[in-house]
J.: 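Attaching a single structure in structure tokens format; questions to follow.
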Amino acid sequence: MEYQFRDIERKWQEAWDNQGAYRVSNDSNRPKCYVLDMFPYPSGAGLHVGHPLGYIASDIYSRFKRLKGFNVLHPMGYDSFGLPAEQYAIEHGIPPAVSTDNNIRNFRAQLNRIGFCYDWSREVRTSDASYYKWTQWIFLELFDSWFDRLQGKARRMAELTEIFSKEGNAEYPCPGDRALHFSAAEWASLDERKRQDILMDYRLAYCGHGEVNWCEALGTVLANDEVINGVSERGGHPVVRKKLRQWYLRITEYADRLLEGLHTVEFSDSMKEMQTNWIGKSFGAEIDFKLDGGDAHIRVYTTRPDTIFGVDFLVVAPEHPLVPYLISDGQRSEAEAYLEYVNSRSERERMAEKKISGAFTGSYCVHPFTGNPIPVWISEYVLAGYGTGAIMAVPCGDERDHRFALHFGLPITNIIGSHYNGTDANPTKDAVLEESDFLNGLVMREAMAVVLDRLEASGVGKRQVNYKMRDAAFSRQRYWGEPFPIVWKDGIAVPLPAGELPVELPPLEELHPGPGGEGPLANLPDWKHYHGGVREVNTMPGYAGSSWYFLRYMDPGNGQEFCSRAASDYWGQVDLYVGGTEHAVGHLLYSRMWTKVLHDLGHIGFDEPFRRLVNQGKIGGDSRIAYRIRGTHQFVSAGLKDNYETDEIHVDVSMVDGVVLNTGSFRNWRPDLHDATFLLEDGVYRCGSRLEKMSKRYHNVVNPDEVVARYGADTFRMYEMFLGPVEQDKPWDTKGIEGVHRFLKKLWRMFMHEEKGLVVSQESPIDAEWKAIYKMIRKIEEDTERFSFNTAVSQFMIGLNELSDLKCHKIAVLEKFLIVLTPYAPHMCEELWHATGHSGSILDQPWPTVEEKYLVETSKSYPVALNGKTRMEMTISLQATSAEVEAIVLADPNVQKWLDGKPPKKVVFVPNRMINIVV
RNA sequence: GCCCCGGUGGUGGAAUCGGUAGACACGCAGGACUUAAAAUCCUGUUCGCCGCAACGCGAGUGCGGGUUCGACCCCCGCCCGGGGCACCA
């Protein structure tokens, strides 16, 4: 009987489905384990072989934990709101709901063919009203909360209004407007509109006017992490800064908790670093520089107050509010020309070419300690959005200031002596300060505290912490997203009562933008006008639904709550989260923030969603290239192409065997290739190859369905793991797949003889057989636990080789082998389990216990070395302690001869390795 | 520029705690079975030297130093590759 993987896989997929074999209960006395994949956006392109890499890893881990006796939650769903479906609708006239549905069906079929153990009864889709009802509900919770900086947690708005009526906002400065101060009496005197405006500046989800990233081509604003180098992440369209009314998430209030939380989770170093950099916390000072001959002052932010005596000029951002006031008559034409120039430059130009540019304002400030006049300049290298939008320039210590000073011929005061070489700024913190008055002779690091104390004592400055992270834009002028449960009445945002949720997305044929930069929903007057107000017509961004989906899987059918407290208490944190690094600063930060808010408000019992995160690598494509002689229809084989001037054509990888092109299918591929002719080498046409991103554009996409059809899901699963560490990027390469397939066939043949059929014996295994299997099991459980699946697959091969050398067909050994293999090749294991007379699903078997006695050797022969040079062999009991070994070794006559009466420096006993005498 | 991660045979990659470097697999070479092919099995495969062979010797984990009885692993200085950030004061 041959290994008929197609029949076997179909049979067991159906059986598991019918039995609901992967249904998970929230009610179990087994310990829980929550294993989660980042859910996919169901794109029209379907899965390629890169996508399942992480899914296979998490599936193996889930099945492993299940056999180990855990109640494993391992769900799957779809992040089904988003821009591409909407663009597809605009281009093809197919409504997003329809195309999304089709895509999901296709994804589901592809996933099922690989044999994942998802509990499909828990599937979620972010675009289902039964799901986004709760996304809207959580939004309202955010809207009804503010961040108490004293307690470091979110609280209800009602508590804030109570505080305001008792004591004003003295204890709770406004995060949206630092200058806002009011007493209880003033609060009492305010009208409702004014009060609501103030409250809005405290809310965790708030509406404000701000500079946003506006993408004209997509017709929407984008969050900072959706903009890369001045163009949109999706589509690469230009993005400009624009002032708009927008919803925001006040994630900046959580900056510290997001940083602290990183110490409690297992993320990779690079992931933690990316998040840390994005949050960008820095410690420094704000210092006021009084204007010479005026009352006003310029407040700068610096992380290096220790260099205050090296300040040669101040620089303010072109958008700084004091700019008009600073420009003197004498400098007016020059300064205004500069401002005009800055204005004419797009965001993208500013990013792309960082030229040194600026203008003198004509104004001077006074140095707070020396009283010297300090010229004030304007330059676009100072960003309006960070710190105070103004800096003190210390050219000897800061490279940008140095370049600026050189370019405009400004003086450069040296406060670090020989550490400054006159041509390059030196940002050291270890120099001894000179020319620095009361800081002279101090090392910069120590001077920091001294100057800060002095600044605070004299009231010209104070310690200040800053963050690079900005509040996250939370509205999109699009259709295919969650509607906001908000109605505007008299300029006040009124939340809809929970009973009116969900606010369903109304059907809409035409998806063109509404008037005045509003989204398509603005084109539906009947929907827009609601109970004497107008609905918010923006929709929520893609990350809204994905910020909390891991909670919904715990209790997916709950119509009363987003997730019952009992369910979230039972499942708790995600024990293992698997996904790509591309969500490092988007999804992962947002979902961490939402989790913290839900925790603060008492809805869940934990405040970090993901205990351990593994980032799977990307699988690249191996493209095939044909060379067309320029201006002809003749193609030349790769080995001969250098003799001609050629153009490169990406050939679909399915038409190539290795590098040899199937010229027939190539001709039929596209009409323009019908009359192609070929210059062959050795009778065949050889393509060139190149590793690049797997993409339709390069025709190098390999569909997992093809691989599964040819080798079976079990081979596919094991091979993707065998390719190398899960975390590593690698090209798709089928070279080694035969080896894995051979392993499965070999295993099959051990049970199933071609003529005789089943060959197993009931005999008791001998020690060597037990030893082989237990050694293998131990290694595999270690490897699986630490996510090293490539080495685990190797261990299976080693185990099988040893057992076939022993000619072991004993059922007692082989059933253990199958149980351990199940996570990796579930279909074959299930089939063989039943074929060997077992009943019940192998999925429900307990993981075999390793009998340690078969792994332990009672005594072992060790090489004994003198200073690392092996001199003799000695047999030592493995139970012996280091001290006993030392005594035995030193008592040996040979050893005594070597030592010649002198005591050794030490005796090194390396268990299982060697004994070394160091003299 | 700054930060992080890596560099091991012809190839993908092992070596988990500083202790036999190159597991396992691919590829390749040779062989068995076969009319032939496929499939399967066996042998060899880091490099160099000596040799019929066994054995032996020498070198070897990007480069140069160091610590150690012992270094792919730790330290210092370079080179190369990948990723992230990039006027964040």
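Please read all numbers here as calculations on a predicted model, not as lab measurements. Labels below follow one simple rule: chain letters A, B, ... track the order of the sequence lines, proteins then strands, and each chain is numbered from 1.
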J.: Please determine, for the side chain of Pro725(A), which listed nucleotide (rG13(B), rA89(B), rC24(B)) has the closest atom?
T.: rG13(B)
J.: If only side-chain N and O atoms of Lys730(A) are considered, is one of them under 4.0 Å from the OP1 or OP2 phosphate oxygen of rG12(B)?
T.: no
J.: Name the orientation class of the two ring planes belonging to Phe722(A) and Tyr719(A) (parallel below 30°, tilted from 30 to 60°, perpendicular beyond 60°).
T.: tilted
J.: Considering only side-chain heavy atoms of Val382(A), which listed nucleotide, rA25(B), rC41(B), rA89(B), is closest?
T.: rA89(B)
J.: On a whole-Å scale, what distance lies between the P atoms belonging to rC49(B) and rA37(B)?
T.: 35 Å
J.: Between rC41(B), rC24(B), rA89(B), which nucleotide gets closest to the side-chain atoms of Arg749(A)?
T.: rC41(B)
J.: What is the distance, rounded to the nearest whole Å, between atom CE of Met271(A) and atom P of rG82(B)?
T.: 20 Å
J.: Contact class for Arg786(A) vs. all strands (heavy atom < 4.0 Å): base, sugar-phosphate, or nothing?
T.: base
J.: Among rA89(B), rU16(B), rC41(B), which is the nearest nucleotide to the side chain of Lys779(A)?
T.: rU16(B)
J.: I need the CD-P distance between Glu399(A) and rG1(B), as an integer number of Å.
T.: 10 Å
J.: Of the options rU16(B), rC24(B), rC87(B), whose atoms approach the side-chain atoms of Ile798(A) most closely?
T.: rC24(B)
J.: If I pick the C1' atom on rA23(B) and the same atom on rG13(B), what distance separates them, to the nearest angstrom?
T.: 10 Å
J.: Starting at CD of Glu738(A) and ending at P of rA38(B), how long is that distance when rounded to a whole Å?
T.: 12 Å
J.: Given that Asn466(A) and Gly724(A) both sit by RNA chain B, which one's nearest nucleotide is further toward the 5' end?
T.: Gly724(A)
J.: Parallel, tilted or perpendicular: which describes the rings of Tyr824(A) and Phe796(A), with under 30° parallel and over 60° perpendicular?
T.: perpendicular
J.: Kindly point out which of rA25(B), rC26(B), rA89(B) is positioned nearest to the side chain of Lys735(A)?
T.: rC26(B)
J.: Ignoring hydrogens and geometry beyond distance, is a side-chain donor-acceptor pair present between Thr252(A) and Tyr467(A) at under 3.5 Å?
T.: no
J.: What is the distance, to the nearest angstrom, from the CD1 atom on Ile737(A) to the P atom on rC24(B)?
T.: 21 Å
J.: Is Arg403(A) salt-bridged to Glu399(A), going by a charged N under 4.0 Å from an acidic O?
T.: yes
J.: Check every atom of rA89(B), rU16(B), rG84(B) against the side chain of Met274(A) and return the nucleotide holding the closest atom.
T.: rG84(B)
J.: Side chains of Thr715(A) and His741(A): donor-acceptor distance under 3.5 Å anywhere?
T.: yes
J.: Between rA15(B), rU16(B), rC87(B), which nucleotide has the shortest distance from any of its atoms to the side chain of Tyr381(A)?
T.: rC87(B)
J.: So, is Gln728(A) close to the rG13(B) phosphate, meaning a side-chain N or O under 4.0 Å from OP1 or OP2?
T.: yes
J.: When you measure from the side-chain N and O atoms of Arg742(A) to the phosphate of rC26(B), is any distance below 4.0 Å, counting only OP1 and OP2?
T.: yes
J.: If I take atom CD1 in residue Ile298(A) and atom P in nucleotide rA89(B), what distance separates them, rounded to the nearest angstrom?
T.: 19 Å
J.: Assign Asp729(A) to base, sugar-phosphate, or nothing according to its heavy-atom contacts below 4.0 angstrom with the strands shown.
T.: nothing
J.: Nearest-Å distance, OH (Tyr824(A)) to P (rA25(B))?
T.: 16 Å
J.: How many Å lie between CG on Asn277(A) and P on rC85(B), as a whole number?
T.: 9 Å
J.: Angle between ring planes, Tyr381(A) versus Phe404(A), binned at 30° and 60°: parallel, tilted or perpendicular?
T.: tilted
J.: Using the C1' atoms only, state how far rC75(B) lies from rC26(B), rounded to an integer number of Å.
T.: 38 Å
J.: Will you find, in the side chains of Ser788(A) and Asp783(A), an N or O donor that is under 3.5 Å from an N or O acceptor?
T.: no
J.: Grab the CE-P distance between Met750(A) and rC41(B) for me, whole Å please.
T.: 12 Å
J.: Counting heavy atoms from C-beta on, name the nucleotide in rU16(B), rA23(B), rA14(B) closest to the side chain of Asn790(A).
T.: rA14(B)
J.: Please give the distance between the C1' atoms of rA32(B) and rA38(B) as a whole number of Å.
T.: 16 Å
J.: Using a heavy-atom cut-off of 4.0 Å across all strands, would you classify Ser282(A) as base, sugar-phosphate, or nothing?
T.: sugar-phosphate
J.: Please give the distance between the P atoms of rU67(B) and rC72(B) as a whole number of Å.
T.: 16 Å
J.: Please pick, from rG12(B), rC4(B), rA14(B), the nucleotide with the shortest atom-to-atom distance to any side-chain atom of Phe722(A).
T.: rG12(B)
